[in-house]
Amino acid sequence: MALLVSSLNPLNFPYSPSAKRLFSRQSSISLQRKPWFVSSALREWREYEDAVKQKDLARALRFLKSIETKDDSGESVDGYLKTESACPGISELKTVYESERDWEVLDTCLNADDMRLVDSAYGFLKNRGFLPNFGKLGNIVLEAPKDITPTVLKSETGLEVSKFSPKKWGLSGSSNVLLFAFLAGSSFLLSKGIDIRPNLAAMLALAFLDSIFLGGTCLAQISSYWPPYKRRILVHEAGHLLVAYLMGCPIRGVILDPIVAMQMGIQGQAGTQFWDEKMNNELAEGHLSSSTFDRYCMVLFAGIAAEALVYGEAEGGENDENLFRSISVLLQPPLSVAQMSNQARWSVLQSYNLLKWHRKAHQAAFKALESGNCLSAVIKKIEQAMSSGG
């Protein structure tokens, strides 16, 4: 309403004190009693807000498309067009209000069962001019050489190929510090005559059952409360999200809670869910083109590349590698072990370079996830960073 009031000022001439008081009084009244067309618009958009709150992507997207159709046909939308000639500020108010609301459709994607709806939501926002960088680098996979040896990988990144290999918990990085502290503490208690071996046996049994039946979800849930581990997860998932976005793969959502991830079929860890329509169609037809496979692999290895870029080595990503192997054997003909290794090195190098070129955007995505922002806010932060040269 502040924008509306300022736009309704009379023509440029000096106000008398009495005129100022009169205009001030009229302004306060207008704030208390909204014009009928603004109230009508707000009531109409409550339907959209309810759809967003209920995570109903189909209903939210249907509403936005109906508003766009009315705008394109020149029809009156909630009384806006009828009043724009008399009140120029109405057009500005409409633009600002709708642009803020449109972004929220991305927050409904997580509960969408049909990924084509998710793709439609991203396409709708891109056509509206909100996602200029979505799919910006979709063709980059066609331009790079494919033969990447360990020597080439090191010369390009400065890191040994082993630094891009996911590590088992307790064998590297910060996890080995925790393991050492745990073993030292156990030894100290035993030296003081406190026998904790039954407790250790029970803990190991529970950990074993967790790994077998829950995919390590309980351990991941406990570890997620440790700040360094949580930050590494955020760096990893921000890498997946940014590369998927730049490659034009719609992101359904980023799941950071291991329990929620398990409920959604992502066992024992966080996860970023994205969709590649071209890959889906090609697999349905029984083939997979090299360019589509390359794009998918870049997104898949982006988390490992992000960790290597920020920390100098990757710890997470074991499930990403397993998924890569499962897709590789579906190709006709299936990839050999040597071919899979080369494809993995090529993919992680491309993602590493892409994240290095867009370091500010990756950092913006990380900070947005760290602050607990919803998907629409994270995507908006990426766009802002990209527009400022990130």
Side-chain angles (χ1 to χ4, degrees), residues 61 64 68 99 102-107 109 115-146 156-157 235-254 272-282 289-306 308-310 320 346-369 373-390:
L61 192 57
L64 292 178
E68 184 185 42
S99 65
D102 285 5
W103 280 96
E104 295 178 357
V105 73
L106 295 179
D107 299 330
C109 291
M115 292 301 292
R116 289 181 177 82
L117 273 178
V118 177
D119 185 47
S120 182
Y122 278 82
F124 173 82
L125 290 182
K126 185 171 180 64
N127 291 336
R128 292 290 298 271
F130 292 111
L131 309 178
N133 291 293
F134 177 64
K136 179 181 179 181
L137 302 178
N139 293 325
I140 193 173
V141 296
L142 304 177
E143 303 169 358
K146 296 297 295 291
E156 292 288 333
T157 64
V235 167
H236 186 103
E237 299 306 328
H240 282 306
L241 190 152
L242 178 59
V243 173
Y245 185 76
L246 294 177
M247 301 301 289
C249 298
I251 299 100
R252 184 186 182 195
V254 180
T272 299
Q273 293 193 329
F274 64 96
W275 190 63
D276 190 329
E277 181 180 15
K278 190 173 182 181
M279 180 175 178
N280 183 74
N281 294 338
E282 289 183 1
S289 65
S290 59
S291 60
T292 301
F293 182 59
D294 288 343
R295 180 173 59 249
Y296 176 78
C297 290
M298 282 183 62
V299 179
L300 202 57
F301 282 97
I304 292 175
L309 179 65
V310 175
D320 297 332
W346 179 89
S347 302
V348 78
L349 176 59
Q350 302 312 308
S351 295
Y352 183 93
N353 286 334
L354 192 152
L355 291 169
K356 183 171 65 175
W357 298 334
H358 301 286
R359 192 185 293 265
K360 289 182 179 178
H362 179 245
Q363 187 177 24
F366 164 78
K367 289 183 176 179
L369 290 173
N373 291 137
C374 53
L375 180 61
S376 62
V378 177
I379 297 297
K380 189 182 294 186
K381 292 294 185 182
I382 289 176
E383 284 293 347
Q384 290 171 353
M386 295 286 289
S387 64
S388 63

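Since the structure is predicted, the reported quantities are computational estimates derived from the model, not experimental observations.
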Trainee: Check whether any side-chain heavy atom of Met247 lies under 4.5 Å from a side-chain heavy atom of Leu354, and answer yes or no.
Mentor: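 A side-chain contact under 4.5 Å exists here.
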Trainee: Test of understanding: with salt bridge (Lys or Arg N to Asp or Glu O under 4.0 Å), list the residues that count as partners of Glu104, not counting sequence neighbours.
Mentor: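 Arg101.
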Trainee: Go through the structure and list residues passing side-chain hydrogen bond (donor to acceptor under 3.5 Å, both in side chains) with Tyr245, not counting sequence neighbours.
Mentor: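 Scan of Tyr245 (side-chain hydrogen bond (donor to acceptor under 3.5 Å, both in side chains), adjacent residues dropped) gives Glu383.
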Trainee: Is there a side-chain contact between Met279 and Cys249 (heavy atoms, below 4.5 Å)?
Mentor: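 The answer is no; the side chains never approach within 4.5 Å.
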Trainee: Using side-chain heavy atoms (C-beta onward) and a distance below 4.5 Å, is Leu241 in contact with Phe274?
Mentor: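 With C-beta onward as the side chain, the pair stays apart.
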Trainee: Going by side chain to side chain contact (heavy atoms under 4.5 Å, CB included), name the residues that satisfy it together with Ser347, two or more places apart in sequence or in a different chain.
Mentor: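 With neighbours one apart ignored, the set is Cys297, Phe301, Gln343.
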Trainee: Return the minimal non-hydrogen interatomic distance between Lys278 and Ser291, and the atom names on each side.
Mentor: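 Closest approach of Lys278 to Ser291, heavy atoms only: NZ-OG, 4.2 Å.
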Trainee: Show your reasoning for whether side-chain hydrogen bond (donor to acceptor under 3.5 Å, both in side chains) applies to Asn133 and His358.
Mentor: CA-CA 12 Å; Asn133 291 293; His358 301 286; over 6 Å; no
Trainee: Excluding sequence neighbours, so at least two apart, what forms side-chain hydrogen bond (donor to acceptor under 3.5 Å, both in side chains) with Thr157?
Mentor: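 In terms of side-chain hydrogen bond (donor to acceptor under 3.5 Å, both in side chains), with neighbours along the sequence ignored, Thr157 is linked to no residue.
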Trainee: Asp119: what forms a side chain to side chain contact (heavy atoms under 4.5 Å, CB included) with it, not counting sequence neighbours?
Mentor: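 Asp119 satisfies side chain to side chain contact (heavy atoms under 4.5 Å, CB included) with Pro250, Trp275, Glu277 only.
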Trainee: Just how far is it from atom CZ of Phe124 to atom CG of Leu61, taken to the nearest 0.5 Å?
Mentor: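 Spacing of CZ (Phe124) from CG (Leu61) equals 6.5 Å.
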Trainee: Among residues at least two apart in sequence or on other chains, which ones pass ring pair (Phe, Tyr, Trp, His ring centres under 6.0 Å) with Phe293?
Mentor: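 If we apply the ring pair (Phe, Tyr, Trp, His ring centres under 6.0 Å) test to Phe293, skipping adjacent residues, there are no hits.
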Trainee: For Gln384, which residues count as a side chain to side chain contact (heavy atoms under 4.5 Å, CB included) partner, sequence neighbours excluded?
Mentor: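 By the side chain to side chain contact (heavy atoms under 4.5 Å, CB included) rule, Gln384 matches Lys380, Lys381.
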Trainee: Contact between Tyr296 and Thr292 at the side-chain level, heavy atoms closer than 4.5 Å - yes or no?
Mentor: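 Tyr296 does not reach Thr292 side chain to side chain.
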Trainee: Are Val243 and Leu137 packed together at the side-chain level, in the sense that at least one heavy-atom pair is separated by less than 4.5 angstrom?
Mentor: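 No. Closest side-chain heavy atoms not under 4.5 Å.
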Trainee: Report, as yes or no, whether the 6.0 Å neighbourhood of atom NZ on Lys126 holds more than 12 heavy atoms from other residues, nucleotides or ligands.
Mentor: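 Above 12, so yes.
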Trainee: I need the Asp294 CG to Trp346 CH2 distance, nearest 0.5 Å.
Mentor: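 One finds 4.0 Å between CG of Asp294 and CH2 of Trp346.
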Trainee: Any non-hydrogen side-chain atom of Phe134 less than 4.5 Å from a side-chain atom of Ile379?
Mentor: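 No, side chains not in contact.
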Trainee: Could you go step by step and tell me if Leu246 and Met386 meet the side chain to side chain contact (heavy atoms under 4.5 Å, CB included) rule?
Mentor: CA-CA 10 Å; Leu246 294 177; Met386 295 286 289; 3.7 Å; yes
Trainee: Search all heavy atoms of Leu355 against all heavy atoms of Ala302 and return the closest pair with its distance.
Mentor: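 Scanning both residues completely, I find the closest heavy atoms to be CD1-O, 3.6 Å.
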Trainee: Could you list the residues that satisfy side chain to side chain contact (heavy atoms under 4.5 Å, CB included) with Ala238, not counting sequence neighbours?
Mentor: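 With sequence neighbours excluded, Ala238 shows a side chain to side chain contact (heavy atoms under 4.5 Å, CB included) to His362, Ala365, Phe366, Leu369, given in chain and number order.
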Trainee: Measuring only between side-chain heavy atoms, which start at C-beta, is Val254 closer than 4.5 Å to His240?
Mentor: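 Result no, sub-4.5 Å side-chain heavy-atom pair not found.
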Trainee: Give a yes or no answer on whether the side chain of Asn280 reaches the backbone of Asp276 with a donor-acceptor pair at less than 3.5 Å.
Mentor: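 Looks like no, no N/O pair under 3.5 Å.
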Trainee: So, does Glu237 use its side chain to make a donor-acceptor pair with the main chain of Thr272 at under 3.5 Å?
Mentor: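 Present.
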Trainee: Is there a donor-acceptor contact under 3.5 Å from the side chain of Tyr122 to the main chain of Ile251?
Mentor: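 Yes, the answer is positive, given that a donor and an acceptor are paired below the 3.5 Å cut-off.
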Trainee: Looking at OG of Ser120 and CG of Leu64, how far apart are the two atoms once the value is rounded to the nearest 0.5 Å?
Mentor: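 Between atom OG of Ser120 and atom CG of Leu64 there are 10.5 Å.
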Trainee: To the closest 0.5 Å, what do you measure between OG (Ser289) and CG (Asn281)?
Mentor: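 So the OG of Ser289 and the CG of Asn281 are separated by 11.0 Å.
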Trainee: Going by heavy atoms in the side chains, are Trp103 and Leu375 under 4.5 Å from each other?
Mentor: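 No, side chains not in contact.
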Trainee: Closest heavy-atom contact between Ala361 and Ile382?
Mentor: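 The answer is O-CG1, 4.1 Å.
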Trainee: Can you tell me how far the CZ atom of Arg295 sits from the CD atom of Gln350, to the nearest 0.5 Å?
Mentor: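 Spacing of CZ (Arg295) from CD (Gln350) equals 14.0 Å.
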